[in-house]
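Worksheet for the structure shown next.
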There are 2 protein chains.
Amino acid sequence: MDFNYNQEDKALVAVDCIIFGFDEEDLKLLLIKRAFEPEKGKWSLMGGFLKKNETLDVAANRVLSNLTGLNDVYMEQLYGFSKVDRDPVERTISVAYYALINIKDHNPKLLDEHSAQWFSISDVPDLIFDHSEMLSKALERLRRRTSTNPVGFELLPKKFTMRQLQKLYEVILGEELDKRNFQKKIKQMNVLVKLKEKDMTSSRKGSFLYEFDKKRYEEKVSDGFTFKM
Amino acid sequence: MDFNYNQEDKALVAVDCIIFGFDEEDLKLLLIKRAFEPEKGKWSLMGGFLKKNETLDVAANRVLSNLTGLNDVYMEQLYGFSKVDRDPVERTISVAYYALINIKDHNPKLLDEHSAQWFSISDVPDLIFDHSEMLSKALERLRRRTSTNPVGFELLPKKFTMRQLQKLYEVILGEELDKRNFQKKIKQMNVLVKLKEKDMTSSRKGSFLYEFDKKRYEEKVSDGFTFKM
DNA sequence: CCAAAAGTGTTCACAATACACCCATGC
DNA sequence: GCATGGGTGTATTGTGAACACTTTTGG
């Protein structure tokens, strides 16, 4: 009895990107207005179909780059979604990815072309298909990740204040943190460099800027380092 | 400009199952001898293709059940693998699942039919395609999961001794644990029921048997309970 | 009576938490 | 000189880790 690959069912394979950003105030999600039927004009995650000669990672990066102009962004595969009728037109399996980007970095012209818009995470509209499910899974994963790995540097500008970093953790984790305890833990991680410069926009006194020491961080991660926020 | 689903590339979608078992001694992996070309006769994870009217979860359960005769097994989606040439015959995306089963439970006749065999995790042969990569990802996930959720009850017989449970944790985590500390932590979780019965096979004195209180466990999990081993 | 595994508590070190006041500056 | 956000330390509690002796009983 020989096996024949041809008798098996094929499917379209898509990737959808949950794109998170942060604007000093709120965790945000980048959505597009869907440009074609079905569900044309509704809010949707940015997605695209996997091409013959691409891996899923490559496809997800392509999709993200089409919308934001960014490459080399932090991205992680999230989960495969496969309800039979999730796309009413064709059987489509979608593999969701989530990305963390610095909200200031993207190319606004591209956003316009896709009628894309940032939404506060607490104020996301209804999404097409199973995209809301994807979003909640991404949030869950981001929260867990945040409490075991220093994350969020991807979401901040290169230089940032402690206040901004703390605010970011607060919006991701959905709880307020104590200023002193937060700084203690962050300093223990030993992956920040305190600069001489101050940010003078937020207060009269000004607050010191920090940079993320990526090299030191990657050394630690490869040693299996995690922490507990 | 309208969009046409038909111009997109389709692919075969497969599921592959990393099936873990435990035999009081070692963590084990269930492999089959591949029955068809390419790589016929080589060791492989049990897999199968996604059918038109199935979700990935359903397909993974079907595949597992074909090999073991078991349903209602603990199973979790792991990751989507998509290297372009991972299957040399046809473009195939594979979504890996891992399963935890009680090694005593399976149907030996079915194993025979697939020329399947259990291997100690420390002694796994070369696997076809990217299956070794799947396995290492599964092990990593199992280890992480084990240190935050009570796991492993799926891998044990219904009634088990503390010694067995500890041994299981030890082989999953790959380190020895202190008997007293282990019991303390497990008892804190409060999901075990100590039975009046003893297992007399392991020592003269005999050791008490325990059962897992699934209901209490599920209540806890839905309250967001995790622990640290 | 002895071999072999089961069972059981305490101490110590470190990490998490709670908490409040002074500082620097622009206006 | 005062209002605003920035910066800093300590005391308490809880949790993880290390550690050794007694019990049971079949042979």
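Chain naming here is simple, since letters A, B, ... match the order of the sequence lines and numbering starts at 1 in each. All values below come from the heavy atoms of this structure, side chains included, with hydrogens, waters and symmetry mates left out.
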K228(B) or Q183(A), whichever maps to the more 5' nucleotide of DNA chain D: Q183(A)
- request: List the steps and the verdict of salt bridge (Lys or Arg N to Asp or Glu O under 4.0 Å) for E133(B) and K83(B).
  value: CA-CA 12 Å; E133(B) 204 183 324; K83(B) 278 218 285 287; 3.4 Å; yes
Aromatic ring pairing F212(A)/Y217(A), orientation class (parallel under 30°, perpendicular over 60°, tilted between): tilted
- prompt: Is there a side-chain contact between Y79(B) and L56(A) (heavy atoms, below 4.5 Å)?
  reply: no
message: Whether the T161(A) and D199(A) side chains hold a donor-acceptor pair (N or O, under 3.5 Å, no angle test) is what I'd like checked.
response: no
task: Map T161(B) and N181(B) onto DNA chain C by nearest heavy atom, then report which one ends up closer to the 5' terminus.
output: T161(B)
Please write out the pairs of protein N or O atoms and N or O atoms of nucleotides 20-27 of chain D separated by less than 3.5 Å, giving the distance to one decimal.
unit_1	atom_1	unit_2	atom_2	d
dA20(D)	N1	R180(B)	NH1	3.3
dT23(D)	O2	K205(B)	NZ	3.0
dG26(D)	N2	R204(B)	NH1	3.1

- prompt: D178(A) has an atom CG; how far is it from atom P of dT13(D), in whole Å?
  reply: 18 Å
Under 3.5 Å donor-acceptor pairs involving side-chain atoms of residues 183-190 of chain B, not counting sequence neighbours:
unit_1	atom_1	unit_2	atom_2	d
N190(B)	OD1	R216(B)	NH1	2.8

task: Take the protein atom CE of M162(A) and the nucleotide atom C1' of dT8(D), then report the distance between them rounded to whole Å.
output: 13 Å
field: Separation of atom NZ in K167(A) from atom P in dG6(D), rounded to whole Å
entry: 12 Å
task: Shoot me the first and last contacting nucleotide of DNA chain C against chain B, ordered 5' to 3', at under 4.0 angstrom to non-hydrogen atoms.
output: dA3(C) to dT10(C)
- request: Using atom CD of Q166(A) as one end and atom C1' of dG5(D) as the other, report the distance to the nearest whole Å.
  value: 13 Å
field: Check: L195(B) main-chain N/O paired with E211(B) side-chain donor or acceptor under 3.5 Å
entry: no
message: Over all strands shown, is K184(B) touching base, sugar-phosphate only, or nothing at heavy-atom distances under 4.0 angstrom?
response: base
query: side-chain hydrogen bond (donor to acceptor under 3.5 Å, both in side chains) between Y97(A) and N61(A): does it pass, once the steps are laid out?
result: CA-CA 9 Å; Y97(A) 278 74; N61(A) 276 292; over 6 Å; no
message: Looking at R141(A) and L78(A), would you say the former's side chain and the latter's main chain have a donor-acceptor pair under 3.5 Å?
response: yes
- prompt: Between atom CZ in R163(A) and atom C1' in dT4(D), what is the gap in whole Å?
  reply: 12 Å
message: Measure CZ/F208(A) against P/dG6(D) and give the value in whole Å, please.
response: 12 Å
query: Are K198(B) and F208(B) in a cation-pi setup, meaning NZ or CZ lies under 6.0 angstrom from the ring centre and within 45 degrees of the ring axis?
result: yes
